[in-house]
Amino acid sequence: MAEITSLREAVAGLVRDGDVVALEGFTHLIPHAAGHELIRQGRRDLTLVRMTPDLVYDQLIGMGCARRLVFAWGGNPGVGSLHRLRDAVERGWPHPLELVEHSHAGLASAYVAGASGLPFGLLDGYHGSDLPAHNPEIRFISCPFTGRRLAAVKAIRPDVAIIHAQRADRRGNVHLWGIVGCQKEVVLAARRSIVTVEEVVDELDAPPNACILPHWVVTAVCPVPGGAHPSYAQGYYDRDNAFYLAWDQIARERERFRAWMERHVLATEDHAGFLRSAGITLPRERVA
Amino acid sequence: MAEITSLREAVAGLVRDGDVVALEGFTHLIPHAAGHELIRQGRRDLTLVRMTPDLVYDQLIGMGCARRLVFAWGGNPGVGSLHRLRDAVERGWPHPLELVEHSHAGLASAYVAGASGLPFGLLDGYHGSDLPAHNPEIRFISCPFTGRRLAAVKAIRPDVAIIHAQRADRRGNVHLWGIVGCQKEVVLAARRSIVTVEEVVDELDAPPNACILPHWVVTAVCPVPGGAHPSYAQGYYDRDNAFYLAWDQIARERERFRAWMERHVLATEDHAGFLRSAGITLPRERVA
Amino acid sequence: MKLAWTREEMMAIAAARLLPDGAVCFVGIGLPGVAANLARRLHAPDLVLVYESGPIGAKPKVLPLSIGDGELARTADTVVPTHEIFRYWLQGGRIDIGFLATAQIDRFGNLNTTVIGDYRSPRVRLPGAGGAPEIAAHARETLVILRHQRRAFVERLDFTTTVGYLDGGDARERLGLRGGGPRWVITDLGLMEPDPATRELVVTAIHPGVARAEIEANTGWPVRFAAEVATTPAPRPEELAALRDLRARTAAAHGRPSGE
Amino acid sequence: MKLAWTREEMMAIAAARLLPDGAVCFVGIGLPGVAANLARRLHAPDLVLVYESGPIGAKPKVLPLSIGDGELARTADTVVPTHEIFRYWLQGGRIDIGFLATAQIDRFGNLNTTVIGDYRSPRVRLPGAGGAPEIAAHARETLVILRHQRRAFVERLDFTTTVGYLDGGDARERLGLRGGGPRWVITDLGLMEPDPATRELVVTAIHPGVARAEIEANTGWPVRFAAEVATTPAPRPEELAALRDLRARTAAAHGRPSGE
């Protein structure tokens, strides 16, 4: 059922203004190219869902694509703040951003509930935290056997899940490995899904219990080599740590941020164009 | 933390009369040798937990080791009834057997809850079935967001989990692959665990996302080649379908069953002795 | 009349025909495995087989004797833990067709695979629920396959293991089940489908060489027939050849004829 | 006095010493990674590192810049999905030590990593909870590492992201949390531990070259000192050498000094 198509067509056909969109990938395999394409196509009023909003959401938020953010940890990992996220929350620029805030355990449970067809996920969490007071999607229930108080988090069922993976075969079966985060769950929880991949191969030849998304749960597969940059794709290229550091400067001021995004994202046709324009070489994978 | 030891010592040290014991393995990797060892050591009053009680529990029940059975499907797969299980339930021989009966989805959720440190598992199941009327470990709750009625199953936390796996390394890290059932969950849910393995190797060299039980969640690792027979160990030997057929005759009458168990299990020292006594050759793996 | 095929063969072939190519089929234990694998060899090469033991997209070359044979794992696109099959793939709403066998069925497609007699002191202890209650609850539609015998088609179940249409009408919807319920019951005598209003199973097709009286005699309630009852097309040569080839290869591999 | 080591180094070394060999440590984002990986190179080669991104038993040769670096996945015994880390390994009770950094801490070891100022219109929006609330709830004990500054050690948190001992005494137990709570707070000035009765954090050790007054000046509440306050043993040469080697290799790999 998966269609192998260009990222531009996939985004044009599957993501609408106002959608709940989850771009997942925990440090690894972050779908940055897809984030750029959402910006290029000018999507608006998105509810963005993600465990760890980092650069990919800093860009989407700074470019005014998001109305609402569902998340658990928003920073530039190992570097510091996300300046565009902070500007939106602290000063409402480019416009105010509504927050639906979870812990990692809570948001992960909400994805698992979504993938499992359950209306809520259960966890022994949030006790004593101020988070539930600010998030109506966290409630508490009693165990019918022990009376223990447990947290219930409303299931997340995105309109569109977007992930990056290492490989797909020609039918659209997707194989990812290494740090797999909640990618399988978000695809299964979503109504539609877009998977960008490093390459399309004839045969996956995956290990028996590999993390595979069968073609019939994926809506579109888009070959986008380097599509995770500055995140990494295990087996293909390493994390571009220098870019994460550089981003701290690029994103600090509104003007420089806008100029950078206009020049390298809005003015380019696709991800290959972006990489050329920004002068990016994918870091070779260092295997110790 | 895992000790590499003999199966005899592991059972002697870790399984007590009256324990809640779960031998898992869904068709594949069923820990038959460990079941035999429980019988040899004369364990009594066990609560036996298992998704699919098959020959391994037919033997334990027929030999009087079990007081209670927690299960979802009890048959000889592809052949028919479990005669010893039926004799216990229908005629109380060798003594009555208390049943705690689930569906697969329910029992799997109870294991997942046990592994997750939750007092109950949640599923959209059991609606309209007569099962909840006979199992107090199934209750219903309301979703705090939607009001939907959902089933809650009491978590299962066995005293001892027993599984069979393909390999362990010398530290006791265990690697299994193929049909992995709920083996990881039952080990994580249990207080103590015994893992019989086909072989102990220097390096696992497992794929990145392989099903691994780290040595620090396993209590004992016991090398028992052929320990899954008549079940199979992918990569080592095939299922002995002829034995499953033969068992239908062996187990049909009480006397023949007792005689067979006495001769091949009680009168032998260990699993190697059992295989010799019963004249069993492990079927070579047929890879089409 | 001596037919060139058996009623068992007709049953498997009639069931296989009901599985559309590309559908995702949750294959229950027993007879469903034969029909599902036959369909893959005929008109439905892209039928996706999901087994409760964990294999997704299994493409067995011989019929498995159990629902967890190595052949299923070796030929699958991936193998996931059993709890994931039930939670993500079944309960998550990813299954088109749940395909079940049963020991007893009533006129509303409810199933008993638990006990004959009283639950606490049964005359016959059956294997139990296995995956059936949730397969029948969540699959978009359910197919049930069993031999047409009076002791199986009963006026009243000894135990309701798995809900079909409960006591008919909109009872299933009122219970909140998300799957559509039994769409076809396939037997060695014919096919039954639920009446659109009452949800009572009515005979909509009879296999060649079977008399209405035989179906009546083997159904434990006053069975109804549809206004127009079709005659099942007899097995075509290629259907029979595929089924027999599958059984022959299975026998060669397992030393016995089938995965029933 | 010019010391042969920095306070940053003393802090990392003092923290590393608190991690016993063989323990299972859930490594939070930031400073904990340095100390945990230092411990593995010193007295605790069998310290098991679990990262929320999924690696179990990671043995990185250089400090990761994030908690999801490829180095962690490549050197781990296995990598599991993120939700599994939280459900099976943390909530399942398999973690001995939860090791956290924080932006703010109060006298009862409660943590704020969410906002400075009001939640709805914050002065500074911090990254948020991440894994911290449940790490601190479920790990057998928690270690917290942060620089000793008045803006961090506050009289009153702007937001309670993560519970330590709540308002002290048996409040944590009454809340039903299963983990033991903050066992040590490690700073660049000294060590704090909870008073056994009140659970207020008290200074139990001071790093060499640090005056009591400096700790008092940098703590936002009237900080208490234990009856006997130890002086942290100065970094030993092998400790310093291991830490500096780790940082040098990290700098060579990443082009920057550390995983902070």
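Please read these numbers as outputs of a predicted model, since none were measured by experiment. We name chains A, B, ... by the order of the sequence lines, and we start the count at 1 in each one. Hydrogens, waters and symmetry mates are skipped; everything else that's a heavy atom, side chains included, is used.
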Among [range], which ones touch chain B with a heavy-atom distance under 4.5 Å?
range                       : result
residues 191-216 of chain A : P207(A), P208(A), N209(A)
residues 123-143 of chain A : L123(A), D124(A), P136(A), E137(A), I138(A), R139(A), I141(A), C143(A)
residues 151-190 of chain A : A152(A), V153(A), K154(A), L176(A), W177(A), G178(A), V180(A)

Using distance only, find each side-chain donor-acceptor pair of residues 112-120 of chain B under 3.5 Å and give its atom names and separation, not counting sequence neighbours.
unit_1, atom_1, unit_2, atom_2, d
S116(B), OG, V112(B), O, 2.7

